[in-house]
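Positions are given from 1 along the sequence.
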Amino acid sequence: MPLLEVSDLSVRFDTDDGPVHAVDRLSFTLEEGEVLGVVGESGCGKSVSLMSLTQLLPSTAHVTGSALLADIDLLRASSSRIRRVRGRTIAYVFQEPMTSLNPAFKIGRQIEEVLQRHLDLSRAAARKRATELLDLVRIPAAARRINEYPHQLSGGMRQRVMIAMALACDPKILVADEPTTALDVTIQAGILDLMRDIRERLGTAIVLITHNLGVVADIADRVLVMYAGRKVEEAPVHDLFASPQHPYTIGLLGAVPRPGAASTTARLQEIPGRVPSLAEVPQACAFADRCPRADDLTRSQQPELREVRPGHRVACFHPGGEWAA
């Protein structure tokens with residue numbers, strides 16, 4: 001039985017300009033100790049999907065479907081029950097640590113607050129555990145750093161503090177939302193190495209939200225590709241990179257620079273057009289207007305997910321092949 005099973009998750013926001021359908025019938029599972037990569041362009045519903053699991057969306061959001069974690073349907077749990085899940089069972093590492101950490105409090109106090117709230121530790125015990133957590137995420141001189149403010153740390157250090165805070169209560173699931181954005185390459189590698197070590201040492205399942213396919217290739221076990229609020233492809237990571245099936249996935253991979261390519265000055269491949277408006281749920285393939293393979297069938301019907309090989313599913317009438325702009 002999966003650790004987490006999400007079925008037909010849909011999210012709609014009420015706005016002054018009308019409803020926006022951010023997520024449309026998304027289903028996925030997460031196994032214990034697995035790293036699931038969720039990729040796609042900005043605005044495709046990646047972060048909204050995962051934030052909805054612990055009811056972190058604003059009151060303008062309307063969420064339907066189910067998200068089963070053990071015997072709990074997270075989407076229907078009471079506010080008091082879901083507060084016990086947040087941080088304790090499912091923890092988040094958000095994209096920009098400088099906006100997630102409180103600049104007015106020392107980092108040690110912010111980690112201690114999590115420990116005292118969820119584990120009911122004394123101030124002294126929480127301070128000791130906070131220092132251990134900073135050691136765990138490889139922050140040097142943890143006993144000194146614990147008394148520093150966020151602005152005194154580098155971007156990579158702040159991200160490690162966010163990871164330490166997320167791991168404070170030994171959660172079963174860690175949701176990392178663009179954890180390496182705006183970090184230089186060497187710091188990115190360190191963060192990914194840290195997350196890999198966390199999975200191996202603690203058995204934590206990780207959902208990695210990113211637009212960086214290089215990050216996915218480096219750490220994920222399985223990849224879920226989203227486009228315009230829908231899942232368009234899902235596969236084991238090696239299978240996805242070796243044989244992508246959806247034209248959108250092929251286009252994304254084609255836009256990635258490759259060392260040693262025949263021409264270093266050639267223009268990178270691009271996906272023409274724009275992501276469609278989410279004000280209305282398209283009744284056909286949402287990628288049709290940007291797809292070189294689109295035909296009358298694509299523009300009139302919505303493709304359902306189907307398995308093209310074991311564990312590899314794609315929502316496309318014309319899967320496989322190469323991108324032909």
Measure across D73 and G65 and return the closest heavy-atom pair with its distance rounded to 0.1 Å. OD2-O, 4.4 Å

Take V114 and C169 through the side chain to side chain contact (heavy atoms under 4.5 Å, CB included) test and state the conclusion after the steps. CA-CA 8 Å; V114 177; C169 301; 4.0 Å; yes

Going by distance alone, is a donor N or O of one side chain under 3.5 Å from an acceptor N or O of the other, for T249 and E233? yes

Exercise: identify the closest heavy-atom pair between L278 and A228: CD2-O, 3.7 Å

For the student: nearest non-hydrogen atoms of R144 and E148, plus distance: NH1-OE2, 3.2 Å

If we only count heavy atoms from C-beta on, is the L3 to T29 side-chain gap below 4.5 Å? no

Check the hydrophobic clustering (I, L, V, M, F, W, Y; side-chain heavy atoms under 4.5 Å; chains of links allowed) and say if L202 and L194 are grouped together. yes

Please tell me whether S47 and D177 have a donor and an acceptor in their side chains that are separated by less than 3.5 angstrom. yes

Let me confirm one number: the CD-CZ distance from E304 to R313, rounded to the nearest 0.5 Å. 9.5 Å

Just wondering, more than 12 heavy atoms not from D289 lying within 6.0 Å of its CG? no

Single-linkage hydrophobic cluster, 4.5 Å side-chain cutoff, L50 and V232 together: no

Distance-only side-chain donor-acceptor flag, E41 / H211, under 3.5 Å: no

Could you state the interatomic distance from CG (L121) to CD (E112), rounded to the nearest 0.5 Å? 10.0 Å

Are L192 and I163 connected into the same hydrophobic cluster when the rule is that any two of I, L, V, M, F, W, Y join if their side-chain heavy atoms are below 4.5 Å apart? yes

May I ask you to test the Q188-N212 pair for a side-chain heavy-atom distance under 4.5 Å? yes

Using only heavy-atom distances, determine whether the side chains of R109 and Y149 contain a donor-acceptor pair under 3.5 Å. no

So, are D8 and R25 salt-bridged, with charged N and O less than 4.0 Å apart? no

Could you tell me the separation between the CD1 atom of I72 and the CD1 atom of I82, rounded to the nearest 0.5 Å? 7.0 Å

Gap separating the CZ atom of R196 from the CD1 atom of I191, nearest 0.5 angstrom: 12.0 Å

Heavy-atom distance under 4.5 Å between the side chains of R230 and M226, does that happen here? no

Is the NE2 atom of H238 crowded by more than 12 outside heavy atoms at less than 6.0 Å? no

Where S27 and S7 come nearest, the two heavy atoms and their spacing: OG-CA, 3.5 Å

Dump the intermediate steps for salt bridge (charged side-chain N to carboxylate O under 4.0 Å, His left out) on D221 and R199, then the final yes or no. CA-CA 12 Å; D221 300 308; R199 191 262 290 266; 2.8 Å; yes

Apply salt bridge (charged side-chain N to carboxylate O under 4.0 Å, His left out) to R222 and E34, showing your working. CA-CA 8 Å; R222 190 160 48 93; E34 181 183 30; 2.7 Å; yes

Verdict with supporting geometry, V216 and F241, side chain to side chain contact (heavy atoms under 4.5 Å, CB included): CA-CA 10 Å; V216 169; F241 279 81; 4.2 Å; yes

Is there a path of hydrophobic side-chain contacts, each under 4.5 Å between heavy atoms, that joins I173 and V63? yes

To the nearest 0.5 Å, what is the distance between NE2 on H118 and CZ on R84? 11.0 Å

Side chains of K172 and I90: does their closest heavy-atom pair fall under 4.5 Å? no

More than 12 heavy atoms of other groups within 6.0 Å of E32 CD: no

Identify every side-chain donor-acceptor pair in residues 51-58 under 3.5 Å, counting partners at least two apart or on other chains, and give the distances.
{"unit_1": "S52", "atom_1": "OG", "unit_2": "S49", "atom_2": "O", "d": "2.6"}
{"unit_1": "T54", "atom_1": "OG1", "unit_2": "Y92", "atom_2": "OH", "d": "2.8"}
{"unit_1": "Q55", "atom_1": "NE2", "unit_2": "L74", "atom_2": "O", "d": "3.0"}
{"unit_1": "Q55", "atom_1": "NE2", "unit_2": "A77", "atom_2": "O", "d": "3.0"}

Quick one: are V48 and F13 in side-chain contact, heavy atoms under 4.5 Å? yes

Begin with the C-alpha distance, continue with both residues' side-chain angles, and end with the deciding distance and a verdict on side chain to side chain contact (heavy atoms under 4.5 Å, CB included) for V225 and V223. CA-CA 6 Å; V225 182; V223 186; 4.2 Å; yes

L36 and L26: same hydrophobic cluster, using ILVMFWY side-chain contacts below 4.5 Å? yes

Are P247 and R290 side-chain neighbours, meaning at least one heavy-atom pair lies under 4.5 Å? no

Look at atom CD of E113 and say whether more than 12 heavy atoms of other residues, nucleotides or ligands are closer to it than 6.0 Å. no

Please report the closest heavy-atom contact between L30 and I206, naming both atoms and the distance. CD1-O, 4.2 Å

Inter-residue atom distance H246.NE2 - E234.CD, 0.5 Å rounding: 13.5 Å

Does the K46 side chain pair with the main chain of G40, one donor and one acceptor, at a distance under 3.5 Å? yes

Taking the side chain as everything from C-beta on, heavy atoms only, tell me whether S243 gets closer than 4.5 Å to D239. yes

Please lay out, stage by stage, how V23 and R12 fare under the test side chain to side chain contact (heavy atoms under 4.5 Å, CB included). CA-CA 7 Å; V23 183; R12 187 189 81 245; over 6 Å; no

Residues L153 and R158: closest non-hydrogen pair is O-NH1, 2.6 Å

With a sphere of 6.0 Å drawn around CZ of R138, does it hold more than 12 non-hydrogen atoms of other residues, nucleotides or ligands? yes

Verdict with supporting geometry, D295 and R293, salt bridge (charged side-chain N to carboxylate O under 4.0 Å, His left out): CA-CA 6 Å; D295 55 14; R293 306 177 192 171; over 6 Å; no

Over 60° means perpendicular and under 30° means parallel, so classify the ring planes of Y227 and F287, tilted if in between. perpendicular

Go through it in stages, so that I can follow the logic: the residues are R129 and D170, the test is salt bridge (charged side-chain N to carboxylate O under 4.0 Å, His left out), and I'd like the CA-CA distance, side-chain angles, deciding distance and then a yes or no. CA-CA 12 Å; R129 176 60 176 157; D170 296 326; 3.6 Å; yes

Exactly one candidate in L101, L133, V137 meets side chain to side chain contact (heavy atoms under 4.5 Å, CB included) with V161; the answer is L101

Pairwise side-chain contact, R76 with S66, heavy-atom cut-off 4.5 Å (strictly under): yes

